[in-house]
Amino acid sequence: MLRVALIGTYVALFALVGVGVRALAEVGDHRGYRPAQPIEFSHRLHAGDTHIPCLYCHYGALRSPHAGIPAASVCMNCHGLLSRQTAEIEKLRESVLQVRPIEWVKVHNLPDFVHFDHSRHVHAGVACQNCHGAVEGMSRVEQRMPLTMGWCLNCHESRGVGDHGARTDCIRCHY
Amino acid sequence: MLDTQWESVARVGGDHSRPARDTWVEGSPALNEISDDIARPLSARPSAGWYGCLAASTTALAVGVGCVTYQIATGIGTWGLNKTVGWAFDITNFVFWIGIGHAGTLISAILLLLRQRWRMSINRSAEAMTIFAVMCAALFPLIHMGRPWMAFWVVPYPNWRGPLWVNFRSPLLWDVFAINTYLTISLVFWYLGMIPDFATLRDRAAAGIKKRIYSLLSLGWDGSQRTWSRYETTCVLLAGLATPLVISVHSIVSMDFATSILPGWHATIFPPYFVAGAVYSGFGMVLLLLIITRRVMGLERYITVQHLDRMAKVTLLTGSLVAFSYSSEFLSAWYGGHADERFVFVNRATGPYAWAFWTMVLCNVCVPQLLWLRRIRSSPAALLPISILINVGMWFERFVIIVTSLHRSYLPSSWVMYYPTSIEIGTLIGSFGLFFTCFLLFIRLLPMIATWEIKGLVGAHGAESPQESHV
Amino acid sequence: MTTEMKSQPVYWKSLEELRQDSRRTVSDRDEFAEPLPWKRASPVMPAADGHSRRDFLTLMGFTLGAAGCSRATTQHALPFVTAPEDLTPGVPNWYASTCGGCSTSCSVLVKVRDGRPIKIEGNAEAPLFGGGTCATGQATVLSLYDGARLKGPLWRGAPAAWQEIDERIESHLRATMARRGRVALLSGTITSPTTRDLIARWSQHYDRFQHVVHDPVSYAGIRRAHQTCFNRAVIPHYRFDRAAMIVGVEADFLGTWLSPVEFTAQYARRRRPAASMAHHVQFESTMTLTGANADVRHALAPSEIGRLVLSLLDRVEQRDRSRVDPPYSIPASALDAIANRLRSHRGESLVVCGVQDEAVQTIVAGLNDVLGNVGRTFGLSPSSLQKQGDEGEVAALIAAMRRGEIDALILYGVNPAYDHPDSDAFLEGLARVPLSVSFADRVDETAAHVHAVCPDHHYLEAWGDAEPVTGVFSLMQPAINPLFDTRAAPGSLLKWLGEPSNWRNELRSYWQRNLFPLQSAERDFDAFWDSRVQAGFLRVPVPPQPSPAFVGDLDAAVNRIREDAHAASRGADEYELHLYETVALRDGRNANNPWLQELPDPISRLTWGHGLAIAPAAADRLGVRDGEIVTLIADAHRVDVPIWRQPGQSANTVSIAFGYGRTHAGPVGNGVGVNAVPLLRQKSGRRSRVVRLEKTGRSTTLAATQTHHSTEGRPVVREATLKSFLGGVGEHGAAAESLPSLWAEHQPGSHTWGLAIDLNACTGCSACVVACQAENNVPVVGKEEVGRSREMHWIRIDRYYQGAEAAPDVLFQPVMCQHCANAPCETVCPVLATVHSADGINEQVYNRCIGTRYCENNCPYKVRRFNWFRYANNPRFDFNMNSALGTMVLNPDVVVRSRGVMEKCSLCVQRIQAGKTAAALSGKAIVDGQIQTACQQACPAKAIVFGDAQDPRSAFARLRQSPRHYHLLDELGTRPGVGYLTKIRNREA
């Protein structure tokens, strides 16, 4: 009975430590985050079926740190002409008519102390899917990649970003 | 069986060539008498003195808890630190408490290996003191952080931050390992020493929760020859493990300073200097505690004047070593010829913190000289104030090293003064509260003297009593 | 580089957001720290940034909790409804404009990020100012987001509609006009030609209209003197860059006098250590920035200045006997030497004097005339238009007001109730004016007593122009739509004049009528206008005129000075009073700006207040310590001020700074220091102000960022004489690189960034300090914390005194993180929060820092700054970071640091990254000078040079080869990336 008690205690202790370490290790990994959006916009339809290039709407990614979410006016470039009307598209019209921005829910979030520059990566030839997953296949966007520091650095290392050493400098992202 | 048993105890306890009882235990208590004496505090109602002490120390502890809570909730800014002085009370207290700890390990490990039998009746409480001191010490590196809730980052654990790891070049990281090792070994050593006594208590205790706890703690001790022989081996092995720690821990702590580039910190003498200081202050604290407890718990028979005398001698020795280190520091500063280095020491002795420096010299260099006199060494009344002064002096030593070196370093434009705030003082008080609260609970709940070792001292000559036969 | 601003839907949007946001709770106020207007919830991780700090308690203790709750966070992204053409979120736009910080009107560029102006920079392409700025100019961007600004017009203290107020004012003006009543416009110096033209039209419209100009610090004496001496009532356009011998008399031309940015640029150009290096002698009563930079400096009492300039003139004219005995504080031999040096530099010397005394200025003009400087260093055409005040006219106006003769008074950019010596009389008069209107942007001391307050735009919201120096025009354009319901003051004047046009069109048409014809570059006006709006300036040729003959009456001036010499009497217990401007607060109009309040004075190093500067010897005689409060008694006026022992202070003179003691500036500026202006009031006839001091026994704490003033003989600031430097002897750079090192060398990347700081060029003006604060979101911590030595500035300017307390040498040394190759901080951090980058930058990773402060202890330069508290969104630190409005100034490219982490100079890494990105996107390599740090850009003396040590052609690499180059504390073997160039003094020994 005594032995059991002792061994039990040890096992419990180790298990707790293990769980703790594991949990700590996974801080900041939000894979599977798939929030509902104010408008049921389908990337599968737009980027997938109709093959609209990512940069047509997210043109900010070319020259800005932020890819940006297209203004409603950009959507209306097409939807102003398209006859097809649905409840979702009606929401879009509403926002344009009432000049009320649509409150999209950000799916891919980085902590504020991380400065990620879309333009640098786009110009380096990194495909959007590398970080955002196969968005063209998602009817509702979901975070597929861990977006953790180790995950970023794997890429920086393997692709040999920048010159020697600079690829893993903290100040590449943190300042 | 019994004889072999006592022989084995004697082997652990030291050689039997000289009769033990004459010096180290007064009177000739029978073995069961010893058990009674030592176990009495655990069963009897505690004295008013004990309650008084506990009340005082828990109050102090409460003050500390309040201060730390406020500081963590508001910010390190509640302390008096500034752009130039980044450490002061926090690390002073840390080094101070780590130092206190050393005496325990020294007594229980080194003196064991050196077969010093006089240690037997004091080592248990000395080890306890070590553990409580290290607990207090470990508190400060934690709360001195700007973001203590991130403290776990100093532990190298697998993470998803890529190559991000801890910095093994940083002495602070060495501290983390040193302190944890030290705490672990001390705990094991302490606990191991108590196992036979837990067994004794188990057998004395009437059936019930108390008995169950003691039996769990005694790990099924059966007092058999096999158990005893394994026990001795383990004791000696652990003593061997613990001995280098006495040296290493404080050497590593001293490297927080020695490896920096700050004049007044950057000195190769620091490791031995700090170890000597640590043992010095440690024995000061042991003296203080034992002089009080032997009176409060009525254990004058087992913690005799000879014990105090021996400890006073060690104190005198280490005190002299410390004094020597002070002088050699000044010598090397002068002889080294580095202007900034020289300035720091001149500034220590004559600058705005000279009062702290001279307090330190008074307490650590002058006061211990009294211990040359046997009359002083053998008088608890005289040793009590001395032991207090020693601890005051050693606290100021750390304060002087840290603050006077920092507040005026290389660029005069950044010279500033540091003044502690009530929060820092409260935290210091609180650490004493924690220490004494733990110690008081210890002497109340656990056998503060190694019964079996004392019995070893008394040896087989003591009368037997049947119910003890199986111990 | 700069683009004209067209449609700005984003601004209207951010205005909406601003309004709703100001009603929000602290918990979601952080949106302005973000490049996109995202709504934020709680943090993903305990982060080293403003957003996560507010609920750190939930994360405290058991961090595993953070892993759990992090999933719950939701961030929204609000795109534009209609995408603006010229704005990409995250990409800054730059607009050329003109600084409105003071009447100097420097040309600046405004950095606008996502619709918010966040940084002011000098316009390097514009004439005169050389691309630098001053501390005040840098701080003006924060004043835009000042919560104390009026949100709309007031009538009798109550909010009212513009229309209502306009009707009241217009009807009153009509009535006044009908009965030929007097209308007066009391303004500060107006450098805007269009506004001046508009005012001219007022005087045509109202025949009894009067325009009076009031400058808190008047320059009228110079103009009056030059009227009599040259028949030109102008302030000369001084050219220090043409002067080999500069004599400054009570004129702090590097710090606060007339056009400091311009003068500093000129001065620095002429002070390069070469045979042509100018020699600079300064006479002054208190230690100023200019005196601190002089080769030879003499302290003297204000009453001695007349005798000084006269005895200089005598010696320059080599009269056998002087017309006046020289000032007792200066040895005659010294005067002879100076006079000789002046004579040996005819035509390339310059004597400037800041004393507004016609007689003294006449002598000074005579001196420059005798020395043949007129038209060379002492230009009368072009001339400066930067100060047009006339205290005589102001006094006359006040008298008229008190007689009840003024029927309508319009106050434009003035605050006489605070900064006029006779403010009581002014207020008494104001009470008798039937209609008083103020354009103040807040209810200041004056606006509190007027009928109507019609708040003017902040200059970043307004159209405008300026002509600081004749022939040099500068444009002002809005960088953001008005945050509040304000209106451009000239627009109001236009409206009340009954003109249909609006202010912008007025501006255009003025330029079309008057300036377009003067240039030949552009044929089409619209093209001309666009190009000028984009460039921000226009320079038109000024027809050269023969420098006028000197017709001044020297003898009268001489007699006047002789009288004064006799009249100047002072009791044993009396001191002469001298008032001056500080670099930070100047005349006090920006007193509510926390950046300026916390900017350490370059000389005294005081923040959040001022002291009564007194010579240490005098202080000892009086038995007073720093911070001890004394009562200053000037005639009837008594004021309590703390003592500040000032080395180099004239023996029997006490000096006190303007700009403090505001009562209606706003929460930040109110009650800081005492208002010295009333001390200017005096019995007529007495020209030297004599005061007495009484001890009160009380004392206060003065928050100084530096408490030890001697180098202790350590070679931290190296200096040499010009002779020894040219001769190649003396203390210069030392080769630290030759020291052996135990460390393995860093593998250098493709760059090795660093700074070279020329201690010979640096004047200590502190523009870099504010620039750094603006660029890097450095928090303001307030007087109490500065008093605890916890200021957060990433760059500081150490000031050391050397030599005798009465006449010390002053040394300035800007110190920021030295970016050591062998950084002591890097080895001791247990969690690798500070490490070395491949580009040679010492990185501080806030989000990794746990705040052990070990690095701070081990840093020999003490440049690391710790976040002792949460400085953002914390009512305890109620400055710009504690309000939604104030946080709009934050730079989105730099994270706001959390409590408990270390921070320090990052070498403006965000600018380096931006430069690298630009290079990557354009496919070109980074060229030298393309990346500038904030401190470098702001420096008017070009004392700071950033660059790549690996590029041998870079200016930085060349400076590192200079024989003057050395590293601070190089004996430690830290191998800094920041280097210094030895200071050179142009004098014997």
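First the proteins, then the strands, lettered A, B, ... as listed; each starts at 1.
- Ring centroid separation for the pair His407(B) and Tyr418(B) does not come in under the 6.0 Å cut-off.
- A cation-pi arrangement, defined by a distance under 6.0 Å to the six-membered ring centre and an angle within 45 degrees of its axis, is present between Arg897(C) and Tyr846(C).
- If you measure heavy-atom distances from Val85(B) to chain C, the contacts under 4.5 Å come from the backbone alone.
- The greatest number of non-hydrogen atom pairs below 4.5 Å with chain B, out of Thr707(C), Val863(C), Thr827(C), is found for Thr827(C).
- Of the listed residues Arg876(C), Glu856(C), Glu791(C), Gln706(C), the one with more heavy-atom pairs under 4.5 angstrom with chain B than any other is Glu856(C).
- Contact of Arg865(C) with chain B is made through the side chain alone, with heavy-atom distances under 4.5 Å.
- Using the six-membered ring where Trp is involved, Phe399(B) and Tyr353(B) have ring planes that are perpendicular, over 60° apart on the 30 and 60° scheme.
- Looking at Ile91(B), there are no atoms closer than 4.5 Å to chain C (heavy atoms on both sides), in backbone or side chain.
- Taking Arg796(C), Gln813(C), His709(C) one by one and counting their heavy-atom pairs under 4.5 Å with chain B, the maximum is reached by Arg796(C).
- Across Val176(B), Leu173(B), Leu81(B), the residue that shares the most heavy-atom pairs under 4.5 angstrom with chain C is Leu81(B).
- For the pair Arg864(C) and Phe866(C), the cation-pi criterion (under 6.0 Å, within 45° of the ring axis) is not fulfilled.
- Between Arg398(B) and the choices Phe94(B), Phe96(B), Phe89(B), the side-chain contact (heavy atoms from CB on, under 4.5 Å) rule is met once, by Phe96(B).
- Heavy atoms closer than 4.5 Å to chain B are found in the side chain of Pro824(C), but not in its backbone.
- The aromatic ring centres of Trp265(B) and Phe270(B) sit 6.0 Å or more apart.
- Neither the backbone nor the side chain of Trp174(B) comes within less than 4.5 Å of any heavy atom in chain C.
- Side-chain contact annotation: Tyr980(C) with Gln818(C), donor-acceptor N/O pair under 3.5 Å present.
- With a threshold of 4.5 angstrom between heavy atoms, Phe343(B) approaches chain C through side-chain atoms but not through N, CA, C or O.
- Between His708(C) and Trp415(B), the angle of the ring planes lies from 30° to 60°, which puts this pair in the tilted group.
- Between Phe877(C) and Phe869(C), the ring-plane angle classifies as tilted under the 30° and 60° cut-offs.
- Only the side chain of Val716(C) comes within less than 4.5 Å of a heavy atom of chain B; its backbone N, CA, C and O stay farther away.
- Classified by interplanar angle (parallel below 30°, tilted 30° to 60°, perpendicular above 60°), the ring pair Tyr326(B)/Tyr273(B) is perpendicular.
- Heavy atoms of Arg799(C) lying under 4.5 Å from chain B are absent altogether.
- Ranked by heavy-atom pairs under 4.5 Å with chain C, the first of Ile402(B), Val154(B), Asp175(B), Asp256(B) is Asp256(B).
- No side-chain N or O of Arg899(C) forms a donor-acceptor pair with one of Thr74(B) less than 3.5 Å apart.
- When the candidates Trp87(B), Tyr419(B), Trp165(B), Phe168(B) are compared by the number of heavy-atom contacts under 4.5 Å with chain C, Trp87(B) comes out ahead.
- With chain B as partner, the option from Ser710(C), Pro830(C), Cys849(C), Cys859(C) having the largest number of non-hydrogen pairs under 4.5 angstrom is Pro830(C).
- In this structure, His250(B) and Phe274(B) have tilted ring planes: the angle between them lies in the 30° to 60° band.
- Only the side chain of Leu969(C) comes within contact range of chain B, judged by heavy atoms closer than 4.5 Å.
- Of the two parts of Ser414(B), only the side chain, counted from C-beta on, holds a non-hydrogen atom closer than 4.5 Å to a non-hydrogen atom of chain C.
- Heavy atoms closer than 4.5 Å to chain B are found in both the backbone and the side chain of Ser789(C).
- Looking at Asp90(B), only its side chain comes within 4.5 Å of chain C, counting heavy atoms on both sides.
- Residue contact with chain C, scored on non-hydrogen atoms closer than 4.5 Å, involves the backbone and the side chain of Thr78(B) alike.
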